Colleague: 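Can you keep this structure in mind? I'll have questions shortly.
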Amino acid sequence: MAKIIVVTSGKGGVGKTTTSANFATGLALQGHRTVVIDFDVGLRNLDLIMGCERRVVYDFINVINKEAKLNQALIKDKHCDNLFVLPASQTRDKEALTREGVGEVLAELAEEFEYIVCDSPAGIESGALMALYYADEALVVTNPEVSSVRDSDRILGILASKSRRAERNEEPIKEHLLITRYAPARVDKGEMLSVENICDILCIPLIGVVPESQAVLLASNEGVPVIHKADTDVAQAYQDVVSRFMGDELPMRFLDAPPKPGLLKRLFGG
Amino acid sequence: MSLIDRWLGRSMEKQSAAVAHERLQIILTHERNGRTGTPDYLPALQKELLAVISKYVAVSAENIKVQLERQDQLEVLEVNIVLPDSRG
């Protein structure tokens, strides 16, 4: 049985697409056949983050409207053999995503893939509702900042009431909290909500903390998911997220600020 | 920056994350209550009650209060009707 995971947040700009790209890549790197779908119709960006923007011919909406076969729209990832991207349409509006159409495409993908990662658009309009409707599990991406935490809480309410699982009175969507853009030094100074603060408010299990890092911007410039830059803390944090998702129990990393450089290092560099 | 300034600065900043935490707790408790919802039938219920009661007693809209209270798992629909002073 394929598992459908929605990456959602309510608020924009918190790292949904970055997380979708890296989580899907991480699953593929662990050997799982994975597809990642961009639900942000009209504002697609997953293709850029994955570095496949020039290979988009057909898209998700073409498949829903039966203008193209699924295999024609799926783009094979450059780096992983078992990872595919299904891009959003850049020209249609979000109403083009119908519940039946999305359901049919997901059912077809489920025959071929182990994991289906749905990159939700921001907001709580139809595109976001469509991305979460069929989900089995949810990664709720949250920044340590008041508006993001509030919007995540709102999305948790929607996951619990507007998904197919909720409508059918099935076991609820399994929720995971993923904190991104975390800056331990600012938390230490009392300027930023801590992991404990956020967990205390949202009350769902924490699957990982991704530190704020310049590597994310650099990786997006190149169109290579940052998880491939294995020596960075962000890559390691995302690898941990994937391993925890697969059931490994790993301690949280990158929660403490790096020690300040010593006097000699500050004088001479290094 | 002197050590004292830094210490003072820090203690000021320490409050900012704590303030954020407290504000979130308050607003989200409020919003979660709203989510499970004050049902939208309350105004209509109030109107119809007024219509029925007016057949027998002269009461005005502000003398009928309908509200829903939630205590843990229990919901209490409270209808409060103040009858006009009969001596009047």
Side-chain angles (χ1 to χ4, degrees), chain A residues 9-11 14 124 128-129 132 140 142-163 166 169 172-173 175 177 179 181-204 206 209 212 255-257 260 266, chain B residues 1-51 61-62 64-80:
Chain A
S9 71
K11 190 175 183 302
V14 297
I124 49 174
L129 296 180
L132 66 81
V140 178
T142 306
N143 288 170
E145 177 260 321
V146 284
S147 49
S148 174
V149 176
R150 182 199 219 171
D151 291 359
S152 292
D153 190 75
R154 183 97 169 82
I155 276 292
L156 288 172
I158 291 172
L159 286 170
S161 62
K162 302 229 167 124
S163 63
N169 265 324
I173 292 177
E175 300 153 341
L177 173 62
I179 299 174
R181 310 196 71 163
Y182 194 67
R186 302 196 73 182
V187 174
D188 286 352
K189 283 198 227 161
E191 294 175 357
M192 181 179 270
L193 288 164
S194 67
V195 170
E196 293 76 22
N197 283 161
I198 301 169
C199 290
D200 172 50
I201 288 166
L202 293 179
C203 301
I204 60 169
L206 179 69
V209 180
E212 169 85 321
L255 298 187
D256 298 314
K260 290 217 173 101
R266 270 192 275 175
Chain B
M1 193 197 281
S2 78
L3 273 176
I4 290 179
D5 280 344
R6 183 170 286 194
W7 179 75
L8 282 175
R10 271 196 177 194
S11 66
M12 290 286 286
E13 286 156 2
K14 194 138 228 134
Q15 287 170 350
S16 120
V19 169
H21 183 235
E22 196 183 316
R23 287 175 59 216
L24 275 169
Q25 274 182 321
I26 293 168
I27 188 67
L28 291 184
T29 310
H30 180 76
E31 287 179 352
R32 283 169 192 159
N33 282 339
R35 187 184 300 156
T36 37
T38 311
D40 50 8
Y41 60 75
L42 285 188
L45 178 67
Q46 181 167 6
K47 222 172 168 180
E48 286 183 40
L49 279 174
L50 178 67
E62 62 265 28
I64 298 185
K65 290 209 169 65
V66 182
Q67 57 184 2
L68 197 69
E69 278 192 29
R70 199 168 279 110
Q71 300 152 350
D72 297 325
Q73 294 300 315
L74 192 70
E75 285 185 2
V76 180
L77 179 65
E78 187 182 304
V79 181
N80 200 338

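Please read these numbers as outputs of a predicted model, since none were measured by experiment. Note that these values count all heavy atoms, side chains included, but never hydrogens, waters or copies made by symmetry. Throughout, a chain's letter reflects where its sequence line sits, starting with A, and its residues are numbered from 1.
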Colleague: Is the CD atom of Gln25(B) crowded by more than 12 outside heavy atoms at less than 6.0 Å?
Modeller: yes

Colleague: For Gly190(A) and Ser16(B), which heavy atoms make the closest approach, and how far apart are they?
Modeller: O-OG, 3.8 Å

Colleague: Specify the closest pair of heavy atoms between Val146(A) and Ala20(B), including all atoms of both residues, with the distance to one decimal.
Modeller: CG1-CB, 3.6 Å

Colleague: Could you tell me if the side chain of Leu24(B) sits less than 4.5 Å from the side chain of Leu193(A), heavy atoms only?
Modeller: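 Sidechains of Leu24(B) and Leu193(A): in contact.
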
Colleague: Would you compute the distance between atom CD1 of Ile201(A) and atom CD of Glu22(B) and round it to the nearest 0.5 angstrom?
Modeller: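 Here the rounded value is 10.5 Å.
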
Colleague: Looking only at heavy atoms, which two atoms of Arg32(B) and Leu202(A) are closest? And how far apart?
Modeller: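 Smallest heavy-atom distance, with atoms named: NH2-CA, 4.4 Å.
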
